[in-house]
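Numbers here simply count residues along the sequence, with the first being 1.
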Amino acid sequence: MALPCNTAHGFFDELQGALGIPVVHMVRETAAAASAVGLARIGVLATSGTVAADLYGREAARLGVNCLYPDATTQGQVNRVIFDEVKAGRPVDAAALERLAAPLRAAGCDGVVLGCTELSLAFGGVTRAAGLPVVDALDVLADCVIMRAGRPSKTSKNLSLQN
């Protein structure tokens, strides 16, 4: 089973325990994909809920990867893209990802994670932002589901070509 919502992974353990079938942990798999391609410090763009719960920070730390979230101003911009644009059905300026990723690069990140499926919808297919490789959590989740169904993954291969 797949849970295609990063923020909902704050309740992953309860869901996994109640379901009794394997559930792919989107956040854990995304952190692992970033680590597998050599990213040591990821900047995560996600909802305020995902940030407040430090979902990516906890999973990345288990792999020796540092995680950084945007400052308050940039987080406000991330929330506007998610809620005021994507969820509202409005078009998203393609340059917005560059503006959101630039402070993360300036803070020393070597990769950016799209840690919200709304951001995946807005920026899906983008492989670089502010000069950094982009890891899309929704792509990672899809690849994990495909791999568990017996097919090869494309995410790790594609990411390794971007660095």
Side-chain angles (χ1 to χ4, degrees), residues 1-19 22-37 39-90 92-93 96-130 132-145 155 159:
M1 180 174 201
L3 181 61
C5 175
N6 290 271
T7 306
H9 280 73
F11 306 100
F12 182 87
D13 292 338
E14 293 90 339
L15 289 170
Q16 177 64 80
L19 291 172
V23 180
V24 179
H25 196 297
M26 181 183 211
V27 175
R28 184 172 297 144
E29 296 293 346
T30 301
S35 176
V37 296
L39 299 179
R41 186 169 191 187
I42 55 173
V44 178
L45 301 173
T47 64
S48 292
T50 298
V51 171
D54 193 28
L55 297 178
Y56 275 91
R58 288 185 283 139
E59 293 300 330
R62 292 179 189 179
L63 301 166
V65 174
N66 292 314
C67 177
L68 183 73
Y69 299 108
D71 62 27
T73 299
T74 304
Q75 185 61 48
Q77 295 167 355
V78 171
N79 289 341
R80 278 190 287 285
V81 168
I82 294 168
F83 297 103
D84 299 342
E85 294 174 13
V86 178
K87 283 187 179 278
R90 295 189 180 112
V92 178
D93 175 16
L97 183 56
E98 291 290 323
R99 290 190 300 272
L100 298 174
L104 297 171
R105 180 183 176 128
C109 293
D110 58 1
V112 176
V113 170
L114 299 182
C116 176
T117 54
E118 278 75 20
L119 296 176
S120 300
L121 292 173
F123 307 116
V126 173
T127 59
R128 296 190 77 77
L132 299 174
V134 173
V135 180
D136 185 335
L138 188 56
D139 285 347
V140 171
L141 178 65
D143 281 348
C144 285
V145 170
T155 300
L159 285 173

Worksheet item: With sequence neighbours left out, what residues match Ala101 under side chain to side chain contact (heavy atoms under 4.5 Å, CB included)?
Response: Val112, Ala129, Ala130

Fill in: Short side-chain to backbone donor-acceptor contact, Arg58 and Ala53, under 3.5 Å
yes

Worksheet entry | Residues that Arg80 engages under side chain to side chain donor-acceptor pair (under 3.5 Å), provided they are two or more places apart | none

Fill in: Those residues that, when tested against Ala107, pass side chain to side chain contact (heavy atoms under 4.5 Å, CB included) (two or more places apart)
Leu68

Discussion item. Test of understanding: with salt bridge (charged side-chain N to carboxylate O under 4.0 Å, His left out), list the residues that count as partners of Asp93, not counting sequence neighbours.
Written reply: Arg99

Worksheet item: What are the two closest non-hydrogen atoms of Gly57 and Asp54, and how far apart are they?
Response: CA-OD1, 3.1 Å

Worksheet item: Just wondering, do Val134 and Phe123 contact through their side chains at under 4.5 Å, heavy atoms?
Response: no

Discussion item. To check you understand the geometry: which heavy-atom pair defines the closest contact between Leu3 and His9, and what is its length?
Written reply: O-CE1, 3.1 Å

Worksheet item: Taking side chain as C-beta onward, heavy atoms only, is Leu55 less than 4.5 Å from Asn6?
Response: no

Worksheet, complete the sentence: Closest non-hydrogen atoms of Gly115 and Ala46, given as atom of the first, atom of the second and distance, are O-CB, 3.4 Å

Worksheet item: Is any side-chain heavy atom of Gln75 closer than 4.5 Å to a side-chain heavy atom of Ser48?
Response: yes

Practice prompt. Please list, chain by chain and in numerical order, all residues satisfying side chain to side chain donor-acceptor pair (under 3.5 Å) with Thr7, sequence neighbours excluded.
Written response: Thr47, Thr50

Item to complete: Decide yes or no for Leu119 and Val92: does some side-chain heavy atom of the first lie under 4.5 Å from some side-chain heavy atom of the second?
Response: no

Worksheet item: Out of curiosity, Leu15 CG to His25 NE2, how far, rounded to the nearest 0.5 Å?
Response: 10.0 Å

Discussion item. If I compare all heavy atoms of Thr117 with all of Pro4, which pair ends up nearest, and what's the gap?
Written reply: CG2-O, 3.2 Å

Discussion item. Could you work out, with side chain to side chain donor-acceptor pair (under 3.5 Å) as the rule, every residue matching Asp84, not counting sequence neighbours?
Written reply: none

Worksheet item: By side chain to side chain contact (heavy atoms under 4.5 Å, CB included), which residues pair with Ala52, not counting sequence neighbours?
Response: none

Worksheet, complete the sentence: For Leu39 and Gly111 the tightest heavy-atom approach is CD1-CA, 4.0 Å

Worksheet item: Taking only residues two or more places apart in sequence or in another chain, which ones pass side chain to side chain contact (heavy atoms under 4.5 Å, CB included) with Gln16?
Response: Phe12, Val23

Worksheet item: Are Val78 and Ile82 close enough that some pair of their side-chain heavy atoms sits under 4.5 Å apart?
Response: yes

Worksheet item: Any donor-acceptor pair under 3.5 Å linking the side chain of Asp110 with the backbone of Ala40?
Response: yes

Worksheet item: Rounded to the nearest 0.5 Å, how far does CG of Asn79 lie from NZ of Lys87?
Response: 11.0 Å

Worksheet item: Which is it for Val51 and Val44 under the side-chain contact (heavy atoms from CB on, under 4.5 Å) test, yes or no, and what are the steps along the way?
Response: CA-CA 8 Å; Val51 171; Val44 178; 5.9 Å; no

Discussion item. So for atom CZ, which belongs to Phe83, do other residues, nucleotides or ligands contribute more than 12 heavy atoms lying within a distance under 6.0 Å?
Written reply: yes

Item to complete: Check side chain to side chain donor-acceptor pair (under 3.5 Å) between Asn66 and all other residues, then give those that pass, not counting sequence neighbours.
Response: none

Pairs of donor and acceptor atoms involving the side chains of residues 29-36, under 3.5 Å and at least two apart or interchain, shall be tabulated with distances.
residue : atom : partner : partner atom : Å
Glu29   : OE2  : Arg148  : NH2          : 3.0
Thr30   : OG1  : Met26   : O            : 2.7

Worksheet item: Can you name the salt bridge (charged side-chain N to carboxylate O under 4.0 Å, His left out) partners of Glu59, sequence neighbours left out?
Response: Arg28, Arg62

Response to the item:
So CG of Leu132 and CG of Leu104: to nearest 0.5 Å the spacing works out to 8.0 Å

Discussion item. Are the side chains of Val65 and Ile42 in contact, using a 4.5 Å heavy-atom criterion?
Written reply: yes

Worksheet entry | Residues which pass salt bridge (charged side-chain N to carboxylate O under 4.0 Å, His left out) with Arg41, listed by chain and number, not counting sequence neighbours | none

Worksheet item: Do the side chains of Leu45 and Tyr69 get nearer than 4.5 Å, heavy atoms only?
Response: no

